[in-house]
Amino acid sequence: MTTTFDVNMLRADFPILDRKIGNAKKLIYLDSTATAQKPTAVIEAMNEFYRRSNANIHRGVHTLAEESTAMYEKAREQVASLINADSPREVIFTRNTTESINLVAYTWGRENMASGDVVILTEMEHHSNLVPWQMLAEELDLVLEFVPVTDDYLFDMKAYRKLLLLEPKLVAFTQMSNVLGTITPAKEIISLAHEAGALTLIDGAQSVPHLPVDVQDLDADFLVFSAHKMLGPSGIGALYGKMDLLNAMPPFLGGGDMIKTVHLRSFVPNQVPYKFEAGTPAIAEAVGFGAAAEYLQNIGMEAVEAHEHDIAEYALERLEEIPGITVFGPSAENKGGVASFVMDGLHPHDIAQILDGEGIAVRAGHHCAQPLHEVCGVKATTRASFYIYNTKEEVDALIEGIYKVKEIFG
Amino acid sequence: MTTTFDVNMLRADFPILDRKIGNAKKLIYLDSTATAQKPTAVIEAMNEFYRRSNANIHRGVHTLAEESTAMYEKAREQVASLINADSPREVIFTRNTTESINLVAYTWGRENMASGDVVILTEMEHHSNLVPWQMLAEELDLVLEFVPVTDDYLFDMKAYRKLLLLEPKLVAFTQMSNVLGTITPAKEIISLAHEAGALTLIDGAQSVPHLPVDVQDLDADFLVFSAHKMLGPSGIGALYGKMDLLNAMPPFLGGGDMIKTVHLRSFVPNQVPYKFEAGTPAIAEAVGFGAAAEYLQNIGMEAVEAHEHDIAEYALERLEEIPGITVFGPSAENKGGVASFVMDGLHPHDIAQILDGEGIAVRAGHHCAQPLHEVCGVKATTRASFYIYNTKEEVDALIEGIYKVKEIFG
Amino acid sequence: MDDLYRQLIIERYKTPHYRGHLDPHDIFFEDDNPVCGDHIEVTVRTNDEDIVTEAAFDGHGCSISQAAADLLIEYIHGKKLDEVKALTKDDVVDLLGIDLGPVRLKCALLSLKVLKAGAYGLGVDEVSDELVE
Amino acid sequence: MDDLYRQLIIERYKTPHYRGHLDPHDIFFEDDNPVCGDHIEVTVRTNDEDIVTEAAFDGHGCSISQAAADLLIEYIHGKKLDEVKALTKDDVVDLLGIDLGPVRLKCALLSLKVLKAGAYGLGVDEVSDELVE
Ligand SMILES: Cc1ncc(COP(=O)(O)O)c(C=O)c1O
Ligand SMILES: Cc1ncc(COP(=O)(O)O)c(C=O)c1O
């Protein structure tokens with residue numbers, strides 16, 4: 001796989017890449033797994049919205065309200081199209097991946113699970129796909145089981161098949177680990193879950209921004225993701241759910257827009273997706289989210305994946321040259337554009353701080369995956385992550401920077 | 001009271017006011033109660049954020065992450081300062097007023113109320129301050145009681161005192177009706193509630209944007225509001241809560257950032273306010289929210305109130321000249337900048353549509369307050385609402401427009 | 001705007017041709033527009049060949065919803081039930097002859113939604129906007 | 001950057017002067033930085049006049065957190081407990097002699113938080129960042 005677009009031309013779409021850090025070093029942004037940078041198309045879509053069309057939606061008949069409503073619903077179509085949902089109605093706008101998971105836990109979960117029921121997660125999960133189930137388990141007395149990672153940092157299919165014998169109600173798993181970069185075999189995981197009578201929730205926070213994800217091909221029941229990690233704005237995310245499931249779920253938050261009729265002591269909920277969008281939604285953010293989905297679709301998710309694979313493969317090669325480094329995760333073919341590593345005797349904060357002095361933004365910490373770090377036997381790692389705008393030259397700068405860290409602390 | 005700032009100069013801060021509607025009519029925006037327009041200062045603060053500083057917060061040590069974190073937390077201080085909170089930590093960022101109310105219902109409510117407990121609301125509430133309590137009442141078997149509106153559309157203090165004899169656990173009430181414009185005596189309502197042993201939640205969706213609101217002076221327990229109605233962006237709102245209350249409340253959504261430590265089967269929550277901000281928050285939106293709070297504070301909330309009062313008083317006078325019109329709500333001295341009306345034989349949609357043809361944006365419908373419309377004996381109203389950027393000339397245009405409606409349907 | 005309130009709509013709103021309630025009837029359905037509380041009911045009589053012989057609407061609402069209902073009821077007279085089931089949003093938009101944004105479109109389509117729900121024999125809980133897309 | 005990693009910090013990180021655990025001790029406290037899992041414990045001995053006679057820290061973390069702890073422990077020797085309770089974020093920033101953003105500041109202030117929580121005799125649940133503001 002090689003890059004099919006011109007990275008340098010594409011970089012011109014991202015104004016922040018001209019940013020100077022500290023003493024006039026150029027920004028090298030290797031932290032897209034935490035949040036992605038935004039192309040002008042996304043920033044300007046929101047800008048335009050506020051300067052031209054801003055109004056509250058769904059209930060106004062004046063020109064601005066009609067425009068805003070149309071833009072908000074068009075965004076739903078753009079996002080639905082990216083993941084190939086059968087209908088835009090299957091896309092619910094939330095704040096982020098985290099809220100999407102909580103929505104499923106609070107509604108589908110509380111309605112469909114009871115004492116002793118089993119939920120299968122994996123050891124690789126982000127806190128956002130652990131804590132909501134821990135809270136629900138505490139409330140309903142559920143049993144949580146965890147698919148381990150194999151010695152080569154893959155989803156342990158054998159262990160999973162065994163856990164399915166427990167007849168779980170739900171399998172909730174990440175499609176790409178934000179630490180290891182591991183890409184899990186989502187289609188197989190889902191089809192096995194369905195055979196065992198379980199529903200599935202894909203944490204697509206890292207997969208939707210970086211890979212082609214087709215909910216119909218995957219036969220996904222729920223898929224959750226965040227706009228901010230896929231070139232879109234903060235403050236908005238999505239929950240995809242199969243229409244039948246969404247229709248059967250009770251509402252989550254109560255309030256304006258999620259109702260059909262209200263009396264003082266009772267209400268009738270609105271239809272899906274509005275049933276789950278209480279109150280004034282993130283309207284401008286939806287417009288930005290739609291623009292981001294379209295931007296990615298114009299590049300093509302295969303091309304996105306290929307480019308990142310290129311960069312990641314090169315980064316792994318170069319990192320592994322460095323004495324005293326350990327990179328966690330599988331080999332490049334099963335891995336997205338993430339490289340988390342530790343270095344003998346060096347604290348991730350110090351590495352990140354010295355790199356920042358070189359203009360290089362990487363993340364240090366447990367990346368909201370403490371249990372996975374426990375599995376890896378470390379408290380924290382330094383993580384470099386890659387997106388469509390990153391180049392091999394930036395990887396070279398990273399490697400140089402790491403040598404500088406060694407020098408300073410040597 | 002008279003306006004203490006130059007409206008025409010201030011209007012230059014709002015780019016959308018140059019918008020042309022349809023056949024080159026200039027926009028006259030009288031729908032700020034649904035959502036307010038945004039000054040350049042707010043739009044540009046977010047723009048700048050995305051072009052210069054965008055990063056995920058709280059966990060990164062690189063320059064962008066440090067900047068973004070500082071900007072996000074500064075926004076919390078700006079919002080806290082507007083409502084005179086004792087500490088910025090008492091301000092939790094949510095999506096909107098609606099989510100803030102649901103947060104209190106799901107956490108404080110489920111923890112502190114049980115079968116037979118009484119919650120007092122009013123007949124004036126927006127659906128967002130009805131449905132969450134209806135859902136909770138259904139779950140916990142609570143009793144909902146409603147303070148009526150008096151014949152002159154005020155909060156019925158006598159009826160309220162009687163309802164307090166039921167020893168309610170909570171009194172949740174709007175500080176300004178989004179339909180009637182009625183301003184309720186929040187300080188007195190709260191002090192009576194406290195005497196009766198109840199906590200209070202103020203729906204400040206309409207008051208915080210339009211009046212001076214001082215949580216310490218009011219002795220408010222909870223106050224909820226939305227950025228988008230106070231010149232800020234969509235996608236963010238706030239919950240103010242007294243620190244002791246927030247500390248004692250269980251978490252709401254589980255996930256990243258709201259935790260201190262996570263193991264596979266358990267977690268320890270983070271401190272307030274982070275405990276209630278799960279996942280990547282609305283970062284750019286917080287920056288815009290902060291800028292909006294500062295913009296309002298620079299004008300001064302007394303000045304905002306005075307200007308709106310001026311306009312509203314004039315609008316009421318002129319509207320009441322029109323034969324066949326009924327304006328709902330109290331007289332100007334107890335009323336914010338809202339005028340909801342019906343006209344004999346005319347449907348609100350038709351009124352709004354014809355006015356739109358004149359470039360005038362008003363709202364038609366039940367404004368998410370169906371029960372209040374039942375009380376008023378109408379299905380829907382047409383609502384004109386005013387903010388700092390509106391002028392008496394715009395009111396004149398509204399009146400002319402209404403005569404045109406009468407002509408067309410006459 | 002002048003387009004929107006073209007003469008036909010104002011006329012049909014002020015003096016509808018098919019307002020009423022047929023009793024007996026073969027088809028009856030009613031629903032609300034949650035945005036504004038507008039209400040439409042339709043009653044339809046069909047013959048042995050499932051052809052609409054008579055139809056009427058009742059309810060209250062804005063000029064768009066009422067005029068659309070009146071024009072739609074007129075349009076289906078003499079149509080087969082299968083043709084009625086196949087009606088779409090575009091048919092109503094053509095009848096009205098005007099462009100509509102998504103919010104006003106809901107007003108315009110309320111009668112079609114009610115009519116198709118009745119034609120399909122749906123339950124109250126089964127009505128969705130998908131019927132009129 | 002060169003500022004940030006000024007010689008003093010690197011030195012104190014590599015060869016701290018006050019690393020250890022005092023037993024017996026009059027004050028003991030420990031806590032984590034949730035962002036990175038850094039850990040600091042402090043042990044303090046005081047005399048009859050509540051003056052710190054000896055103190056030590058232990059734990060693991062980045063150079064900022066460890067150097068700050070070492071410098072802070074050095075600083076409190078001979079101070080009255082009331083003076084320790086009155087220490088603020090600015091004192092630590094002065095000791096380090098560098099500017100820090102809000103995230104790194106947490107690293108720098110972890111030892112102060114732990115120390116003050118110990119000095120005040122707080123419970124594990126009572127520790128909050130307010131201690132070091
Ligand atoms: C009084 C009142 N409460 C609550 C709300 C709900 O606000 P939001 O939609 O921003 O959650 C509104 C907005 O219309 C309101 O006017
Ligand atoms: C795999 C994974 N899941 C969930 C999340 C949470 O996303 P958000 O913070 O946008 O809710 C993240 C983001 O870090 C992630 O990487």
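Chain letters run A, B, ... following the sequence lines, proteins first, then strands; residues in each count from 1.
- The closest donor-acceptor contact from the side chain of A:Q134 to the backbone of B:L264 lies under 3.5 Å.
- Applying the ring pair (Phe, Tyr, Trp, His ring centres under 6.0 Å) rule to pairs touching residues 36-64 of chain A yields A:H58-A:Y72, A:H58-A:Y274, sequence neighbours excluded.
- With hydrogens and angles ignored, the 3.5 Å screen pairs a side-chain donor or acceptor of A:Q370 with a backbone N or O of B:V262.
- The main-chain N or O of B:K229 is never found under 3.5 Å from a side-chain atom of A:N56 such that the two would form a donor-acceptor pair.
- A:S128 places no side-chain N or O within donor-acceptor distance of the main-chain N or O of B:G255, the cut-off being under 3.5 Å.
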Please step through side chain to side chain contact (heavy atoms under 4.5 Å, CB included) for the pair B:F267 and A:M135, ending with a clear verdict.
CA-CA 9 Å; B:F267 72 98; A:M135 288 168 65; 3.7 Å; yes
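- B:T98 places no side-chain N or O within 3.5 Å of a backbone atom of A:A278 that could act as its donor or acceptor partner.
- For A:E139 and B:R110, the salt-bridge test passes: some basic side-chain N is under 4.0 Å from an acidic carboxylate O.
- Using a 4.5 Å cut-off between heavy atoms, B:V42 does not touch chain A at all.
- The main-chain N or O of B:S234 is never found under 3.5 Å from a side-chain atom of A:N54 such that the two would form a donor-acceptor pair.
- Salt-bridge check for A:R265 with B:E138: failed, with every basic side-chain N at 4.0 Å or more from each acidic carboxylate O.
- For A:R51 and B:E44, the salt-bridge test passes: some basic side-chain N is under 4.0 Å from an acidic carboxylate O.
- Looking at every heavy atom in both residues, B:G254 comes nearest to A:P132 through O-CG, 3.4 Å.
- In this structure, chain A has a heavy atom under 4.5 Å from the side chain of B:Y106, while its backbone stays farther away.
- Using a 4.0 Å cut-off between charged side-chain N and carboxylate O, B:R95 and A:E285 make no salt bridge.
- Remark: side-chain polar atoms of B:N102 are not paired, donor with acceptor, to backbone N or O of A:L253 under 3.5 angstrom.
- Contacts between B:I57 and chain A at a heavy-atom distance below 4.5 Å involve the backbone alone (N, CA, C, O).
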